[in-house]
Number of protein chains: 2
Amino acid sequence: MTLDERKRKILQSIIKDYVATAEPVGSRAVVRKHDLKISAATVRNEMADLEEMGYLEQPHTSAGRIPSEQGFRYYVDCMMENEHLPEEQLEDLKQAITEHVRDLDQVIAHVAQFLSQITRYTAFIVVPSIHASQFRYLQLIHLNPGEALVLLVTNLGLIMHRRIDIPPNITEEDLESIGKLFNQVFARRRLDALRHTDLQALKEELHQRRRVIDNALDAIDLLLQDSHEERVVISGVLNMLNEPEFKDLEKLRRFLHLLEEEGAIKNNLPQGVGENVNISIGSENSEEMKDMSVVIAGYRSFGEMGKIGVIGPVRMEYWRAAGTVEAVRNIIKEMFQ
Amino acid sequence: MTLDERKRKILQSIIKDYVATAEPVGSRAVVRKHDLKISAATVRNEMADLEEMGYLEQPHTSAGRIPSEQGFRYYVDCMMENEHLPEEQLEDLKQAITEHVRDLDQVIAHVAQFLSQITRYTAFIVVPSIHASQFRYLQLIHLNPGEALVLLVTNLGLIMHRRIDIPPNITEEDLESIGKLFNQVFARRRLDALRHTDLQALKEELHQRRRVIDNALDAIDLLLQDSHEERVVISGVLNMLNEPEFKDLEKLRRFLHLLEEEGAIKNNLPQGVGENVNISIGSENSEEMKDMSVVIAGYRSFGEMGKIGVIGPVRMEYWRAAGTVEAVRNIIKEMFQ
DNA sequence: TGTTAGCACTCATTGCCGTCGAGTGCTAAC
DNA sequence: GTTAGCACTCGACGGCAATGAGTGCTAACA
């Protein structure tokens, strides 16, 4: 399982070359580009060994070698050093964040865009659900006769809302007093503590204006359900068109399809990602993503786990992707403190 | 400029065939498929005429003919009848709308999805800005010490919000009283009547708690700016991958690029669309969309003009697209009444 | 024992025909 | 005005040889 220094050098050369060109790499190319002090024939012998060990493969007999998934795996685990991205670019991102700090959605969108631009892969951010947020404020707003708005605000400034029907004779003052009641009951509780059963209990308790309250409670219930959903933000899908592996329209279609429905991508990301940068290569992913690689890292946001990373072809510049994902993750981490 | 009956028949045959197969159509195919009572040779003569008039073109000498953009234009203007889509499908859509009537965003998303699914092209909906909405309600909500939320609700139930900084000694009660003040001043006015200068004037008028009010006014100002933006909702991008014209990766990239930035697509849609269904073929569009066609119709929503339609290749089933766009537009129209 | 030069072998790619067939334009006959 | 016939055009397709990159193997060398 452990390779000697020369084999490592050769494997590394082949990986760098192959990632850059997407072409099989021959023995001559290895000695030429990385001027090792050995001949092509020696390299050939070594390459044959590496192939036997499973780190390389040969598309056909008279072609050069390309790294196998196992080869990439070995490189990533045992040889790779993350490439740090220049301080100034990070400064740009920090700048952009502080400019939009008022609006979490915008910050997230910016970060995703930054990540995809720098890496030139497709970036994603999984924004955790808001279970742990505190209830801050509820308001019933009279819109038009027979129609009101339930508005729920969390301590993070997240806003959820839903329209409800009300009996036409309910006045603004009525709504206000009902709202006050809700606020008293809910004050400062965590969203995930407001369970369906609580709502039911509250419903029983209240006799007056049952109709409004019923509808409002239903609306709140639905809002809370939504709050349990993670969101996924994606940026840089087009970057994939530059990768020669997506010349194949079928691959491209599968990839785009995966992104089209929110849920699909979420369920296909590697599970159990901790705070470290994690790399998942080709068939290590689920069936749907078996010819892509994912570089992903976790971040904590108010007690919940979010994820950030990039998706690219197996032939990915892992060193650059990992370095960038790590740096951006750290910035997010900072931001949440 | 006017064609005799036989030429029209031939043009129509060629269009139908070409749209279905994406292959040049020969003279034999025309007589065979549409059993006209004339021979292939006659058709050839007519086709030569049609080519000279600019309605057909020939990819190369020994190939069949394909309709030119002018040919499509003639067909659309002078021969086409919209194909109506089955009542039951429309019912499905109406059903879906009434189910989600609580949330305008969801309805829009549904309609777009429906349109793209039925036509198998890429659907878009331009949701007009909300200039004409009425101000309904403003609330200042205390989030955390030093931080509050400005919340603005329109009579349509649209919600805009923004976080602001406040001096840390401001209490919830303070915010409430300031909010009341705003509400009095703004009550029932139209959003587009709340101009920057008004806000400035209000600012001058108020002496107390200047800091909070300043920040809130700034926030409102920004929210109003946003409210002037149209939104574009897009669905069914992937449908394009089925069209053989997008085998060409360069075309595909240009198209996806256009969709990637919100603004780009908005600015490239045909201008001056009225309530009728409008068709814009190939180079009649802006440079960026010169090999696509757009079928578009307008709808009125609270005094503002919205647009709905589909984008497809020039080789589009205009009759089906136009029929569907029209039907869906009518449903939207109904919904807004 | 590890390294290297030499050489035969493999195989994808490229360019070059020749054939095939769909489709045309033209002409002469109906 | 319509049609049949025929020569012509031109892209698509398949076979074939040349090319060249790259390999594996062997024998000689250090």
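Every value quoted in this text rests on a predicted model; they were computed, and no experiment measured them. We name chains A, B, ... by the order of the sequence lines, and we start the count at 1 in each one.
Across the interface with DNA chain D, nearest-nucleotide mapping of T42(B) and A63(A) shows T42(B) to be the residue nearer the 5′ end. Residue order along DNA chain D, read from the 5' end via each residue's closest nucleotide, puts S39(B) first among S39(B) and S62(B).
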For residues 23-30 of chain B, run the donor-acceptor check on the side chains, cut-off 3.5 Å, and write out each pair with its distance to 0.1 Å, sequence neighbours left out.
| from | atom 1 | to | atom 2 | distance (Å) |
| --- | --- | --- | --- | --- |
| S27(B) | OG | R44(B) | NH1 | 3.2 |

Which pairs would a plain distance check flag for residues 269-277 of chain B, meaning a side-chain donor or acceptor within less than 3.5 Å of a matching protein atom at least two apart in sequence or in another chain?
| from | atom 1 | to | atom 2 | distance (Å) |
| --- | --- | --- | --- | --- |
| Q271(B) | NE2 | L269(B) | O | 3.1 |

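With sequence neighbours excluded, no residue forms a ring-ring contact (aromatic ring centres under 6.0 Å, His included) with F124(A). D92(A) pairs by the salt bridge (charged side-chain N to carboxylate O under 4.0 Å, His left out) definition with nothing, not counting sequence neighbours. For F246(A), the ring-ring contact (aromatic ring centres under 6.0 Å, His included) test picks out F255(A), with sequence neighbours left out.
Pairs engaging residues 113-124 of chain B under the side chain to side chain donor-acceptor pair (under 3.5 Å) rule: S116(B)-S235(B) [sequence neighbours left out]. Sorted by first and then second residue, the salt bridge (charged side-chain N to carboxylate O under 4.0 Å, His left out) pairs involving residues 56-69 of chain B (not counting sequence neighbours) are E51(B)-R65(B). Residue pairs meeting the salt bridge (charged side-chain N to carboxylate O under 4.0 Å, His left out) criterion with at least one member in residues 281-294 of chain B, sequence neighbours excluded: R73(B)-E284(B), R254(B)-D291(B), E287(B)-K290(B).
Each of dC10(D), dT3(D), dT4(C) was ranked by its minimum atom distance to the side chain of I38(A); first place goes to dT4(C).
Below 30°, between 30° and 60°, or above 60°: for Y74(A) and Y55(A) the angle between ring planes is between 30° and 60°, a tilted geometry.
In this structure, E46(B) places its CD atom 11 Å from C1' of dT2(D), rounding to the nearest Å. The distance between atom CG of L50(A) and atom C1' of dT23(D), rounded to the nearest whole Å, is 15 Å. In this structure, the CD1 atom of I14(A) is 13 Å from the C1' atom of dT23(D), given to the nearest Å. Distance E57(B) CD to dT24(C) P: 15 Å, rounded to the nearest Å.
At a threshold of 4.0 Å, the pair E46(A)-K7(A) counts as salt-bridged, since one of the basic side-chain nitrogens sits closer than that to a carboxylate oxygen. Ion pairing between a basic and an acidic side chain is recognised when a charged N comes within 4.0 Å of a carboxylate O; E245(A) and R315(A) show such pairing.
Residues from residues 22-30 of chain A with heavy atoms under 4.0 angstrom of DNA chain C: there are none.
The rotation axes computed at either terminus of the helix from dT1(C)-dA30(D) to dC30(C)-dG1(D) lie 20° apart, taking five pairs at each end and rounding to 10 degrees.
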Can you pull every protein N or O that's under 3.5 Å from an N or O on nucleotides 13-19 of chain D?
none

Give me, pair by pair, the N or O atoms of the protein and of nucleotides 24-27 of chain D that are less than 3.5 Å apart, along with how far apart they are.
| from | atom 1 | to | atom 2 | distance (Å) |
| --- | --- | --- | --- | --- |
| dG24(D) | OP1 | R65(A) | NH2 | 2.8 |
| dG24(D) | N7 | R44(A) | NE | 3.3 |
| dG24(D) | O6 | R44(A) | NH2 | 3.2 |

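In this structure, a donor-acceptor pair under 3.5 Å is present between the side chains of R253(B) and N242(A).
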Check: Can Y318(A) and F72(A) be said to form a ring-ring contact (aromatic ring centres under 6.0 Å, His included), step by step?
Finding: CA-CA 9 Å; Y318(A) 293 99; F72(A) 278 118; 5.5 Å; yes

